[in-house]
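As structure tokens, the structure follows; a few thoughts come after it.
Heavy atoms only: backbone and side chains are in, while hydrogens, waters and symmetry mates are out. For clarity, every value in this text was computed on a predicted model and none was experimentally measured. Per chain, numbering begins at 1; letters A, B, ... match sequence-line order.
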Number of protein chains: 2
Amino acid sequence: MSTHYVGTETETLILDTWIKLNRANNSIGHVLRHNMDGHGITMTQFGVLEILEHLGSLPLKTIGEKILLSSSNLVTVIDNLEKQGLVNRQNNPADRRSVMVCLTDKGKSTLKPIFQSHLEQLVECFSILNEDELKVLGELSKKLGLNQSSKAKE
Amino acid sequence: MSTHYVGTETETLILDTWIKLNRANNSIGHVLRHNMDGHGITMTQFGVLEILEHLGSLPLKTIGEKILLSSSNLVTVIDNLEKQGLVNRQNNPADRRSVMVCLTDKGKSTLKPIFQSHLEQLVECFSILNEDELKVLGELSKKLGLNQSSKAKE
DNA sequence: ATCCATTTATTTGATATTTAATTATTGTCA
DNA sequence: TGACAATAATTAAATATCAAATAAATGGAT
């Protein structure tokens with residue numbers, strides 16, 4: 001924790017920056033969620049499918065850590081995806097406590113066009129920024145994110 | 001909608017930027033929410049109190065527009081705040097359908113230290129960025145936010 | 001080898017949020 | 001004026017999420 005005095009001017013700048021950052025994030029999130037609604041899945045479900053596509057089958061626990069979701073919530077998310085036939089549960093030979101979650105063929109073929117559409121929305125959302133601006137925004141965001149996660153360990 | 005072809009490289013950059021932006025936002029949001037928990041109110045309740053402090057008494061509908069919350073949800077949020085004696089409902093002489101929500105004295109005195117603590121957390125979260133970086137981040141975020149809201153009208 | 005703390009998934013109960021339907025009021029237009 | 005559409009708050013029903021408690025399996029220390 002820094003000990004130097006933080007003046008009101010800085011506080012105002014930070015508050016202002018936070019409001020803008022949060023508003024941008026929410027606006028984009030809203031666009032993306034609306035798009036997912038049109039495809040009949042939730043953002044959380046999409047997140048699960050995407051990570052399975054990217055990393056292959058994973059234990060339920062691991063998925064929760066990756067997308068920052070409580071395992072109790074994840075159980076129902078996986079339940080719902082399983083009902084739709086997009087994933088299934090399998091035994092984990094390495095540990096009988098754990099459940100491996102796998103993307104089905106239907107899951108894969110369903111995800112593909114949704115991901116494409118998701119990407120299009122995202123490109124549209126960010127079209128107002130040029131390449132340099134994107135890089136700067138990414139770096140500043142990364143700094144912020146890392147700052148929090150380092151705090152979490154203390 | 002732009003018609004020019006968006007190459008894979010740009011798509012990757014945008015996806016990457018979004019992930020970082022979203023992660024930063026969520027991390028900070030998590031810190032702030034945790035802080036509010038310690039004060040016994042939710043972020044949404046805090047948002048309502050703050051806007052009432054800032055703009056004075058407002059119709060329920062207007063509050064919902066400001067903090068992007070459905071009015072049905074707002075009803076229960078106001079209910080809960082009213083139970084805690086932090087706000088109360090009053091008639092709106094101008095329109096008998098509408099309900100004016102007012103911050104009570106208890107609401108004001110309760111909000112003050114919470115807001116202070118909130119600000120401290122925020123300063124801590126953003127302490128990794130210097131003044132110039134804060135300004136750049138704010139401007140880029142603002143551009144993004146405005147881009148969405150302009151789209152919403154189309 | 002056994003006891004015990006830890007880990008994993010699940011169930012249960014609570015809260016937050018949204019959409020749809022309801023009620024009361026307002027405004028409009030024919 | 002009177003019928004009807006629009007608006008504001010509310011209620012009801014559904015979903016998402018989390019925290020706490022539970023059950024099964026694992027690993028480690030003695």
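- As a whole-Å value, the separation of B:Lys61 NZ from C:dT26 C1' is 13 Å.
- Position along DNA chain D of the nearest nucleotide to A:Ala94 versus A:Thr42 favours A:Thr42 as the more 5'-ward residue.
- Counting to the nearest Å, the C1' atom of C:dT17 and the CD atom of B:Gln45 are 13 Å from each other.
- A:Ile63 has its CD1 atom 17 Å from the C1' atom of D:dT17, to the nearest Å.
- Residue B:Leu68 contributes atom CG, which lies 12 Å from atom P of C:dT17 at whole-angstrom precision.
- Among the nucleotides C:dT7, C:dT18, D:dT17, the one closest to any side-chain atom of A:Leu69 is D:dT17.
- Aromatic ring orientation, A:His30 versus A:His34: parallel (interplanar angle below 30°, classes split at 30° and 60°).
- Residue A:Asn80 is in sugar-phosphate contact alone, with no base atom involved, counting any heavy-atom pair closer than 4.0 Å across all strands shown.
- One interatomic measurement links the two molecules: CG of A:Asn92 to P of C:dA9, which rounds to 8 Å at whole-angstrom precision.
- Counting any heavy atom pair closer than 4.0 Å across all strands shown, B:Val75 reaches a base atom.
- In this entry the distance linking CD of A:Glu65 with C1' of C:dT7 reads 11 Å, nearest Å.
- Per the geometry, CG belonging to B:Asn91 stands 11 Å off P belonging to C:dT26, to the nearest Å.
- OP1 or OP2 of D:dC18 has at least one side-chain nitrogen or oxygen of A:Asn73 nearer than 4.0 Å.
- Distance CZ (A:Phe46) to P (D:dA16): 17 Å, rounded to an integer number of Å.
- Counting non-hydrogen atoms under 4.0 angstrom, A:Arg33 reaches nothing in the nucleic acid.
- Base contact: B:Ser72 has a heavy atom under 4.0 Å from a base atom.
- Salt-bridge formation is not detected for the pair A:Glu139/B:Lys20: no Lys NZ or Arg NE/NH1/NH2 atom is positioned less than 4.0 Å from an Asp or Glu carboxylate oxygen.
- A:Asp95 comes within 4.0 angstrom of the backbone, heavy atoms only, and of no base.
- Applying the 4.0 Å criterion to OP1 and OP2 of C:dT8, one finds that A:Ser98 has every side-chain N and O outside that range.
- Phosphate proximity of D:dT17 to A:Thr44: present, with a side-chain N or O under 4.0 Å from OP1 or OP2.
- Taking the six-membered ring where tryptophan is involved, the planes of B:Trp18 and A:Phe126 are perpendicular, since the angle between them exceeds 60° and thus also 30°.
- If you check every strand for non-hydrogen atoms under 4.0 Å, A:Leu74 touches nothing.
- A salt bridge links B:Lys143 with A:Glu133: at least one charged nitrogen is closer than 4.0 Å to a carboxylate oxygen.
- Classification of B:Asp79 and B:Arg89 as a salt-bridged pair holds, one side-chain N sitting under 4.0 Å from a carboxylate O.
- In this structure, of C:dT6, C:dA16, C:dT26, it is C:dT6 that holds the atom nearest to the side chain of A:Arg97.
- The side chain of A:Arg96 places no N or O atom within less than 4.0 Å of a non-bridging phosphate oxygen (OP1 or OP2) of C:dT8.
- Sparse packing is recorded around CD of B:Glu131, with 12 or fewer heavy atoms of other residues, nucleotides or ligands lying under 6.0 Å away.
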